[in-house]
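Just follow the structure's listing: the first ligand is 1, and inside any ligand the first atom is 1.
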Amino acid sequence: MRIALGCDHGGFPLKAKVAELVASLGHEIVDLGTDSSCAVDYPDYGLSGGLAVSTKQADRAILLCGSGVGISVAANKVPGVRAGVCHDTYSAHQGVEHDDMNVLCLGARIVGEALALEIVEAFLGAKFTHEERHVRRLGKLLEIERRANSGEWSAD
Ligand code: RB5
């Protein structure tokens with residue numbers, strides 16, 4: 001698969017090891033930065049990661065920030081993105097199998113390197129099951145997204 005990999009400065013300490021693992025598993029990496037520990041803004045990287053998936057430049061994305069939260073919130077604003085913060089391997093594979101999660105978000109200040117790599121491997125090894133109940137629930141998610149984008153609801 002083509003995997004977009006992005007992070008802010010909080011996620012940067014994990015980025016190289018994640019990239020190494022993703023490449024070693026035979027995936028192609030679309031590197032979205034950042035490339036140093038200089039402070040940047042996580043919404044910029046959540047947006048690039050979300051867009052990479054939404055525009056099909058990548059099949060999935062892995063996004064890293066300090067907690068995983070900010071970058072997941074940003075990525076989830078992009079239509080077609082289903083991003084989840086997963087700090088355990090069960091969520092990382094079940095999120096794909098049941099929810100068709102296409103963006104994995106990790107907090108480099110929360111999980112250590114060894115666990116983070118196991119989570120990434122679980123995410124990349126999982127496939128959506130296409131079971132009827134999961135397809136139905138995914139359809140409901142897509143309907144929420146369609147209605148939100150239609151301007152039917154206002155957050156004001
Ligand atoms: C950066 O200090 C930090 O706020 C960011 O990486 C992330 O944890 C936000 O959710």
Side-chain angles (χ1 to χ4, degrees), residues 1-25 27-126 128 137-138 140-142 144-145 147-149 153-156:
M1 291 189 286
R2 278 168 70 85
I3 306 299
L5 176 61
C7 66
D8 74 351
H9 55 290
F12 182 69
L14 265 184
K15 186 185 176 200
K17 287 291 180 187
V18 169
E20 196 178 298
L21 173 67
V22 171
S24 78
L25 293 170
H27 302 288
E28 188 183 337
I29 294 172
V30 180
D31 187 343
L32 304 175
T34 188
D35 299 315
S36 80
S37 51
C38 292
V40 292
D41 297 333
Y42 66 80
D44 299 333
Y45 295 88
L47 173 61
S48 333
L51 283 177
V53 170
S54 176
T55 62
K56 303 197 187 316
Q57 191 196 352
D59 301 295
R60 295 185 194 174
I62 299 172
L63 300 177
L64 318 169
C65 70
S67 63
V69 173
I71 209 158
S72 73
V73 171
N76 272 317
K77 301 289 182 193
V78 179
V81 168
R82 290 176 294 283
V85 182
C86 298
H87 288 149
D88 65 276
T89 56
Y90 178 79
S91 305
H93 68 78
Q94 198 238 30
V96 177
E97 290 159 357
H98 290 197
D99 314 329
D100 205 17
M101 176 174 71
N102 50 20
V103 178
L104 171 69
C105 300
L106 286 166
R109 296 175 186 161
I110 312 297
V111 285
E113 180 187 306
L115 177 56
L117 297 182
E118 290 193 10
I119 291 167
V120 167
E121 191 158 1
F123 170 66
L124 294 178
F128 183 54
R137 292 163 190 162
L138 177 59
K140 291 187 176 190
L141 289 179
L142 297 175
I144 292 170
E145 187 173 277
R147 292 176 69 183
N149 292 337
W153 302 314
S154 166
D156 299 335

Output the list of atoms in ligand 1 that are nearer than 4.0 Å to some heavy atom of [X], sorted by atom number.
X    : result
H9   : 1 (C), 2 (O)
C65  : 6 (O), 7 (C), 8 (O), 9 (C), 10 (O)
R109 : 1 (C), 2 (O), 3 (C)

Between V103 and L63 the two heavy atoms that sit nearest each other are CG1-CD1, 3.7 Å
Closest non-hydrogen contact found for S37 with H9 is O-CB, 3.5 Å
Counting both backbone and side chain atoms, is some N or O of [X] under 3.5 Å from an N or O of ligand 1?
X   : result
Y42 : no
G66 : yes
G70 : yes

- [ ] Report yes if the side chains of R82 and D99 come closer than 4.5 Å at any heavy-atom pair, otherwise no.
- [x] no
Answer yes or no: is there a side-chain heavy-atom contact under 4.5 Å between H27 and D59?
-> no
Taken in chain and number order and not counting sequence neighbours, the residues that satisfy side chain to side chain donor-acceptor pair (under 3.5 Å) with N76 are none
Could you check whether atom 4 (O) of ligand 1 has a protein contact, counting only heavy atoms that fall below 4.0 angstrom?
no
Using a strict 4.0 Å threshold on nitrogen-to-oxygen distance, state whether K15 and D35 make a salt bridge. yes
Atom 8 (O) of ligand 1: closest protein heavy atom, distance to 0.1 Å, is S67 N, 2.9 Å
